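The structure under discussion appears below in the form of structure tokens.
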Number of protein chains: 2
Amino acid sequence: MVQFVHPAKEDLTLAGVLAALADPMRLDIVRRLKDKGACASCTDTAPCPKMAKSTLSNHFRILREAGLIRTTKKGVEHQNTLREEDINARFPGLLKLILKLAP
Amino acid sequence: MVQFVHPAKEDLTLAGVLAALADPMRLDIVRRLKDKGACASCTDTAPCPKMAKSTLSNHFRILREAGLIRTTKKGVEHQNTLREEDINARFPGLLKLILKLAP
DNA sequence: TCAATAGTTCAATTATATCGAACTTATGAA
DNA sequence: TTCATAAGTTCGATATAATTGAACTATTGA
């Protein structure tokens, strides 16, 4: 059922995580995923509705490759979850602080 | 004596700061500036010696525009200081945590 | 006066983000 | 079964950002 490659938590890099979170769109996606707690489809998590599908897809790819989210495919939708435990294990306190500081 | 424009601390953005720190070279520069405590020239702070001067100069420009450093010119050298107080006032705890988590 | 040093700016190449359009896959209705 | 629809990805083109060497500016010191 898993259709995407996700890095092991040991492979998460600080530069990769910061670069991924440095984009307001992606930070917004991460916040929404955290708020929802569970899985969420890409469209459900889209920061703004007028963004091109391909752009949104690209943001999810970057978040995946940075190790911030895990994506599985079920039916026609993709289910994305925030990898909170992995992120916190690798970079304790970082995610929480950035989300707190974000406008 | 001041030759560069620096944003007011209120103008620092989280996205800008994260993007600036997301580059390993720039994060290294910031760490060196913090370690030195006081001013430091660009060459003194260069992460790796084989990098092109223009590249180094560009990194300093990005750090300046993000509001992370202040640059003044004195004689033939540029003096760069980390804007710790401004950064901490705007984003409490962020700089310290990122530097702590960096490899 | 003039060579040397510290940085910046410029031009060219390369890499990355954005968008619309085309494509793939799965669902659900006729 | 068939076929339209919906969710995402991939592709091609354009625009913006990073890297480099070369040329330029400004200051120092011999």
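Throughout, protein chains are lettered first and strands after them, A, B, ... in sequence-line order, and every chain is numbered starting at 1. Just so it is clear, the model here is predicted, and its values are computed rather than measured.
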| Partners of A:Glu84 by side chain to side chain contact (heavy atoms under 4.5 Å, CB included), sequence neighbours excluded? |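 Once residues adjacent in sequence are excluded, the partners of A:Glu84 under the side chain to side chain contact (heavy atoms under 4.5 Å, CB included) criterion are A:Lys34, A:Leu82, A:Asn88, A:Leu95.
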
| query | Which residues pass the side chain to side chain contact (heavy atoms under 4.5 Å, CB included) test with A:Ala89, sequence neighbours left out? | reply |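 For A:Ala89 the side chain to side chain contact (heavy atoms under 4.5 Å, CB included) partners, ignoring immediate neighbours, are A:Lys9.
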
| field | Outermost DNA chain D nucleotides near chain B [under 4.0 Å, heavy atoms] | value |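 Endpoints of the contacted stretch of DNA chain D: D:dA18 to D:dT28.
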
| field | Pairs flagged by ring-ring contact (aromatic ring centres under 6.0 Å, His included) wherever residues 84-103 of chain A is involved - sequence neighbours left out | value |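 Residue pairs passing ring-ring contact (aromatic ring centres under 6.0 Å, His included), neighbours aside: none found.
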
| field | Terminal contacting nucleotides, 5' and 3', DNA chain C versus chain A (heavy atom, 4.0 Å) | value |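 The protein-touched segment is C:dA17 to C:dT27.
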
| request: Determine whether the aromatic ring centres of B:His78 and B:Phe4 lie less than 6.0 Å apart. | output: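 Yes.
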
| message | Working to the nearest 0.5 angstrom, can you tell me the gap between B:His59 NE2 and B:Ile29 CD1? | response |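 If we round to the nearest 0.5 Å, B:His59:NE2 and B:Ile29:CD1 are 6.5 Å apart.
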
| More 5' along DNA chain C: B:His78 or A:Lys50, using each one's nearest nucleotide? |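 Whichever sits nearer the 5' end wins; that is B:His78.
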
| Earlier contact from the 5' end, DNA chain C, for A:Val76 and A:Ser54 |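 Here A:Ser54 is the residue nearer the 5' end.
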
| Under-4.0 Å salt bridge between B:Arg31 and B:Asp35 |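 Answer for the salt bridge query: no.
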
| Given A:Thr81 and A:Leu33, is the side-chain contact (heavy atoms from CB on, under 4.5 Å) satisfied, shown in steps? | CA-CA 6 Å; A:Thr81 58; A:Leu33 285 177; over 6 Å; no

| task | Would you confirm whether A:Asn80, through its side chain, and A:Ala40, through its main-chain N or O, come within 3.5 Å as a donor-acceptor pair? | result |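 Yes.
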
| task | Answer yes or no: is there a donor N or O on one side and an acceptor on the other, between the side chain of A:Arg26 and the main chain of A:Ala19, under 3.5 Å? | result |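 Between the backbone of A:Ala19 and the side chain of A:Arg26 there is a qualifying donor-acceptor contact (under 3.5 Å).
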
| request: Return the residues of residues 57-65 of chain B meeting this criterion: a heavy atom under 4.0 Å from some atom of DNA chain D. Order them by number, or give none. | output: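 Contacts with DNA chain D under 4.0 Å: B:Asn58, B:His59, B:Ile62.
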
| message | Between B:Leu18 and B:Thr13, does the side-chain contact (heavy atoms from CB on, under 4.5 Å) criterion hold? Intermediate values first, please. | response | CA-CA 9 Å; B:Leu18 292 183; B:Thr13 69; over 6 Å; no

